[in-house]
Amino acid sequence: MKKTRREGSLAVFPGSFDPITNGHLDVVDRALRVFDRVRMAILVNPEKTPLFTVEERVEIIREAYRGNRQVEVDTFSGLLVDYARRVGASVIIRGIRAISDFEYEFQMALMNRRLDPRIETVFMMPAESYSYVSSRLVKEVFQLGGTVTGLVPPVVERRLRDKYGAAIRPAGPARRRTAGTRRAARRGGAR
Ligand code: PNS
């Protein structure tokens with residue numbers, strides 16, 4: 001059989017991953033068709049207030065990929081190209097869902113190339129079924145009582161319940177229950 005993967009190759013997949021979605025997992029799957037290992041590298045960004053701490057995000061990714069030795073998880077701060085060089089990766093993976101992602105990604109890729117021309121950015125397209133999925137929307141929908149099943153791995157749903165469970169339950173008997181808050185209450189107690 002023809003081998004398409006580069007022997008011993010490592011690609012870095014950087015991001016905030018707050019939290020990971022099935023779109024991210026789809027990109028990792030695709031990257032593993034081309035590279036031997038993918039290292040998901042979470043940016044430690046003190047200027048952002050994420051929902052999940054960096055440690056929680058590492059745990060979530062570890063759990064999502066338990067038993068899969070081709071997927072690693074790490075954190076980094078500072079320049080991405082410096083990190084990639086330090087860990088021996090010459091490829092950065094980024095997912096592009098739609099044209100709207102392109103401009104920002106293109107700018108980053110060209111800046112990274114200017115910073116270190118030896119590191120190549122490879123764009124991968126997740127399945128169309130994930131083209132509208134983002135970490136931000138997943139958090140918003142869940143927080144408002146909507147379902148995110150099928151959009152994130154089970155570990156993320158569980159962690160979202162842990163984070164938001166109490167917060168999205170009605171505060172007291174005076175609050176009228178809607179279908180959304182009833183669902184949220186059930187989810188909060190389901191663990
Ligand atoms: O998931 P995100 O938030 O879109 O990921 C953005 C990320 C982490 C890839 C980007 O912010 C990044 O690489 N930051 C590191 C700082 C850096 O290298 N900046 C200069 C190149 S653009």
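Start at 1 and go down the list; that is how both ligands and their atoms are numbered.
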Should the pair F13 and F17 be assigned to parallel (<30°), tilted (30 to 60°) or perpendicular (>60°) ring geometry?
-> perpendicular
Among all protein non-hydrogen atoms, which one is nearest to [atom], and what is the separation to 0.1 Å?
atom: atom 16 (C) of ligand 1; value: G78 O, 3.5 Å
atom: atom 11 (O) of ligand 1; value: L43 CD2, 3.9 Å
atom: atom 1 (O) of ligand 1; value: S16 N, 3.0 Å
atom: atom 19 (N) of ligand 1; value: L79 CD2, 4.0 Å
atom: atom 22 (S) of ligand 1; value: M108 CG, 3.6 Å
atom: atom 4 (O) of ligand 1; value: R94 NH2, 2.9 Å
atom: atom 21 (C) of ligand 1; value: N112 OD1, 3.2 Å

Looking at R158 and E63, does any basic side-chain N land under 4.0 Å from a carboxylate oxygen?
->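 Yes, charged N to carboxylate O under 4.0 Å.
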Short N-O contact, D101 and R94, less than 4.0 angstrom | no
May I ask you to list the atoms of ligand 1 that are less than 4.0 angstrom from any heavy atom of L80?
->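 Reading through ligand 1 atom by atom, the close ones are 13 (O), 17 (C), 18 (O).
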Is the shortest distance from a heavy atom of [X] to ligand 1 less than 4.0 Å?
X: S77; value: no
X: Q107; value: no
X: Y104; value: yes

Stepwise, does the side chain to side chain contact (heavy atoms under 4.5 Å, CB included) test hold for I42 with F52?
-> CA-CA 12 Å; I42 304 169; F52 293 103; over 6 Å; no
To the nearest 0.5 Å, tell me how far R57 CZ sits from L43 CG.
-> 8.5 Å
Could you state the interatomic distance from CG (D116) to CG (L79), rounded to the nearest 0.5 Å?
-> 10.0 Å
Just to confirm, does any protein heavy atom lie below 4.0 Å from atom 9 (C) of ligand 1?
-> yes
Mind listing the closest non-hydrogen atom pair of H24 and P19 along with its distance?
->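 Scanning both residues completely, I find the closest heavy atoms to be CE1-O, 3.9 Å.
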Heavy atoms, side chains only, cut-off 4.5 Å: are I119 and V91 in contact?
-> no
